[in-house]
Amino acid sequence: MTHFRIALLLLLINTSANIVQAQKISYLSDAEGVSFAEAKRLKEAEKFTPSETNILNFAQNSKPLWVHISFDSLAAKHQYYVIYIENAHLDTLDFYHFTSNGEVYKQSMGDHFVFDARDYDYFYPNIMYKRPISECYLRARTEGALLLPIFMKPEKGFFEVIANANTFLFFFIGVLFITLLVNIFFFLRLKEPIHLYYAFFIVGVYLVVLTDKEIFFQYFWQETPMLNKYNAIFYSGVVLQVIFIGKFLDFKNDSKILYIIHLAIVASNLLTILLNIFVGYNFAIVAFTIINIVYMVYYFFASLYMFFRFKINDMSTLLLLLGISIFFVFGLIYSLSVIKVIPYLPFEKNFLEIGVLIEVLFGHLAVTEKLNQYKADKSLAQMQLINVMEENERAIIAQNMQLEEKVLQRTKELEEKNQEIQAINEELITHQEELTRNKEMLERQNKIIEGHNIYLDRRREKLEKRMEEHSEALKKTINELSVKYENLKAEYEALKAKST
C-alpha cells in the first residue's frame, strides 16, 4: 500500500492550482480553412464560443480547432507564466503570440514534427509568456482524440509540475520493470508458464503507456514522426493483458462461452492493427477505444462470474478480481471521458496509469498467491505420493514374503521333480545301454545276413545261368523233335497216299 500512497500523492501534486479561469478561454470548432487573420476577426466579432471549463474535449474530431486564451488578469507577482496542454498526441499545434509591440509570431509543434526540432523538449506542449502579454491563439488538429486540457502556471510552478510528472513516470516505469524482471526470473527458475504470461502482461502495459506518454517517439523514432500515425498498433499491446487474464482465469477449461468471447476480444485487438495499417489512424483509434471499453467491462464481469462460480475460495482469483475492478473504475472513467461520454476531470492526467499500477500490483500478488497455492498443492500431492509409495512398499514387502514362501514351496517341488527326473534318467540310461547292446547284436546279425544274402545272390545267379542253359538245350531238342515230327508226318502222308 506504500506504493499506492506515493502514486496518489504525486497525482494530487500534479493537479493542483490551475490558474487559467474558465471564462478566459473561448474556441471555434470545425474551423476548416480558417486562417489566423480570419480567426482573429471572428474572435473580435464574438463568434468564438466561451468555454465553461479549461478542458476542451471534442472527442474524435479531425477538423481544426481554434482557441483563444486571455490571461490579462494574472497576478502581478509573477513575471513568467507557462501555458501547457496535458495531451501528448496532437498532430499539429500552432501557437500565435503577440509581442509588446503588437506583432504576431507563430510557433508550431505536435506529433508531425521531429521531436528534437520542436520548441519544447517535453511530451506535453508548453509555451512560456512574459508579462505584459495577455492573450494568445492556438490552432490544434489531430486524427486522434481532440482533447485539450489547458493549464497555466507560473514558471516555477510549471517546473514543479514537470518534476512531479517525471517522478511519477519514473516511479511507474520502475515498479513495472521490477515486476517484469521478478516474473521473468521466476519463470526461468520455476518453469511456471503463468509468470511468462504475466511478464507479457507487463510488456503490454509498457507498450500502451510509453506510447501514450510519447516515450517511444522521444527516444526511439524522434527523427521519424510519421511513425506516430501507427500508434494504435502499440496501443493494441492491450492484447497481451487480455491473454494473461484469460490464461489466469482459465476460461478454456471452465467456460466455453467466456472462452469464445475471450478469443473474439483478442482477435478484435489484432484487427485494430490491420485497421491502423490499411484504413487509417483515426478509424483505428476509435475502434481501439470502443474495444478497450468492451474489454474492461467484459473482464470485470467475467472475473466476477468466474470467482463466484468456480473459484469462490481461491485467494489468487480474488486478488486479480480486486485489481481488475480498480482498473475497471479508473480505466472506464478515463475512456468514457476521452470519447466525451462523461466530462474530462482535471485530475485524469495520471488516472489511467494509477489504475494500471494498482492492477499490476494486485496482479503480481495474485500470481504470487497462485504460485503459493501451486506449491501447497504440489506439497500435498508429494505427501499423498509419499503415502502411496509407503503403502506400495508395505504391499511389496508382503508380496515379497508371499513370493518367498511360494518360491521355497516351488523349490521343494522342483527338487522332488528333479529327483524323479534323475531316477527316470537313470532308467533311461540303462534302457539306452540295453538298446545299444541290442543294436550292436543286430548290426552283427545284419552283417551275417548280408553275407548270407551275398552267397544266396551268387547261388541264385548260377542257378539262373544253368536254367538258361537247360532252357536253351530244351528249346533246341524241341525244335529238333518238331522237325522230325514234321518229317515223319510228311512220310506218313506220303505212305497213306500211296496206299490209297
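Atoms considered below: every heavy atom in the structure, side chains included; atoms not considered: hydrogens, waters and symmetry mates. Along the sequence shown, residues carry numbers from 1. These numbers come from a predicted model, not from an experiment.
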Task: Pairs where residues 186-211 contributes a residue and the test salt bridge (Lys or Arg N to Asp or Glu O under 4.0 Å) is met, not counting sequence neighbours - done: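 Every pair satisfying salt bridge (Lys or Arg N to Asp or Glu O under 4.0 Å) with a residue in residues 186-211: there are none.
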
Open item on the list: Quick test of your reading of the model: are Glu434 and Lys439 salt-bridged, counting only N-O distances below 4.0 Å?
Closed with: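 No.
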
TODO: Output yes when Glu450 and Lys447 qualify as a salt bridge under the 4.0 Å nitrogen-oxygen rule, no when they do not.
DONE: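 No, Glu450 and Lys447 are not salt-bridged.
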
Open item on the list: Using the salt bridge (Lys or Arg N to Asp or Glu O under 4.0 Å) criterion, which residues pair with Glu433? Sequence neighbours excluded.
Closed with: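 Applying salt bridge (Lys or Arg N to Asp or Glu O under 4.0 Å) to Glu433 gives none.
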
Open item on the list: Could you work out, with ring-ring contact (aromatic ring centres under 6.0 Å, His included) as the rule, every residue matching Phe308, not counting sequence neighbours?
Closed with: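 Result, ring-ring contact (aromatic ring centres under 6.0 Å, His included) vs Phe308: none returned.
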
Side-chain contact test, heavy atoms from C-beta onward, threshold under 4.5 Å: evaluate it for [X] versus [Y] and give yes or no.
X	Y	answer
Ile150	Val67	yes
Phe113	Thr92	yes
Val205	Gln241	yes
Glu405	Gln409	no
Arg139	Leu93	no

- [ ] With sequence neighbours left out, write down each residue that passes side-chain hydrogen bond (donor to acceptor under 3.5 Å, both in side chains) with His89, or none if nothing qualifies.
- [x]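 Testing His89 for side-chain hydrogen bond (donor to acceptor under 3.5 Å, both in side chains), a comparison that skips the adjacent residues, returns Asp111, Tyr235.
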
- [ ] Could you pull out all residues at least two apart from Glu223 that satisfy side-chain hydrogen bond (donor to acceptor under 3.5 Å, both in side chains)?
- [x]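 Counting only residues at least two positions away or on another chain, Glu223 forms no side-chain hydrogen bond (donor to acceptor under 3.5 Å, both in side chains).
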
Are the ring centres of [X] and [Y] closer than 6.0 Å?
X	Y	result
Phe216	Trp221	yes
Phe301	Tyr305	no
His195	Phe187	no

Minimum heavy-atom distance [X]-[Y], with the two atoms named:
X	Y	value
Glu369	Leu319	CB-CD1, 4.0 Å
Leu56	Tyr27	CD2-CD2, 4.0 Å
Ile215	Phe220	O-CD1, 4.1 Å
Leu147	Leu90	O-CD2, 4.2 Å
Leu180	Ala199	CD1-O, 3.3 Å
Phe288	Ser236	CE1-N, 4.3 Å

Task: Donor-acceptor side-chain pairing of Asn61 and Asp30 below 3.5 angstrom - done: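 Result is yes, a qualifying pair exists.
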
Nearest 0.5 Å please: distance from the [atom1] atom of [X] over to the [atom2] atom of [Y].
X	Y	atom1	atom2	answer
Asn54	Leu148	CG	CG	10.5 Å
Leu435	Leu428	CG	CG	10.0 Å
Arg410	Lys417	CZ	NZ	8.5 Å
Gln432	Asn425	CD	CG	10.5 Å
Tyr295	Phe300	OH	CZ	13.5 Å
Asn183	Leu196	CG	CG	9.5 Å

Open item on the list: Walk me through whether Ser62 and Asn282 qualify under side chain to side chain donor-acceptor pair (under 3.5 Å).
Closed with: CA-CA 8 Å; Ser62 59; Asn282 184 268; 5.1 Å; no

Please confirm whether the backbone N or O of [Y] pairs with a side-chain atom of [X], one donor and one acceptor, at under 3.5 Å?
X	Y	result
Asp250	Lys247	no
Ser51	Thr53	yes
Tyr198	Val360	yes
Asn418	Leu414	no

Open item on the list: Let's go through Glu32 and Arg141 carefully: what are the C-alpha distance in whole Å and the side-chain angles of both, what is the deciding distance for salt bridge (Lys or Arg N to Asp or Glu O under 4.0 Å) to 0.1 Å, and is it a yes or a no?
Closed with: CA-CA 10 Å; Glu32 191 70 59; Arg141 186 168 192 168; 3.1 Å; yes

Task: Reference residue Tyr84; test ring pair (Phe, Tyr, Trp, His ring centres under 6.0 Å); the match among Phe151, Phe95, Phe159 - done: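 Exactly one pass, corresponding to Phe151.
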
Open item on the list: Using a 6.0 Å cut-off, check whether atom OH of Tyr206 has over 12 heavy atoms from anything other than its own residue.
Closed with: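 Enclosed: over 12 neighbouring heavy atoms sit under 6.0 Å from OH of Tyr206.
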
TODO: Give the intermediate values and the outcome of salt bridge (Lys or Arg N to Asp or Glu O under 4.0 Å) for residues Lys412 and Glu415.
DONE: CA-CA 5 Å; Lys412 184 178 179 181; Glu415 289 177 352; over 6 Å; no

Side-chain donor/acceptor pairs under 3.5 Å, residues 258-281, sequence neighbours excluded:
unit_1, atom_1, unit_2, atom_2, d
His262, ND1, Tyr299, OH, 2.7
Ser268, OG, Ala264, O, 3.4
Ser268, OG, Ile265, O, 2.6
Asn269, ND2, Ile265, O, 2.9
Thr272, OG1, Ser268, O, 3.2
Asn276, OD1, Ala232, N, 3.1
Asn276, OD1, Ile233, N, 3.4
Asn276, ND2, Lys229, O, 2.9

Open item on the list: Parallel, tilted or perpendicular, judged at 30° and 60°: which one describes the rings of Phe115 and Phe217?
Closed with: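 Answer is perpendicular, since the angle exceeds 60°.
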
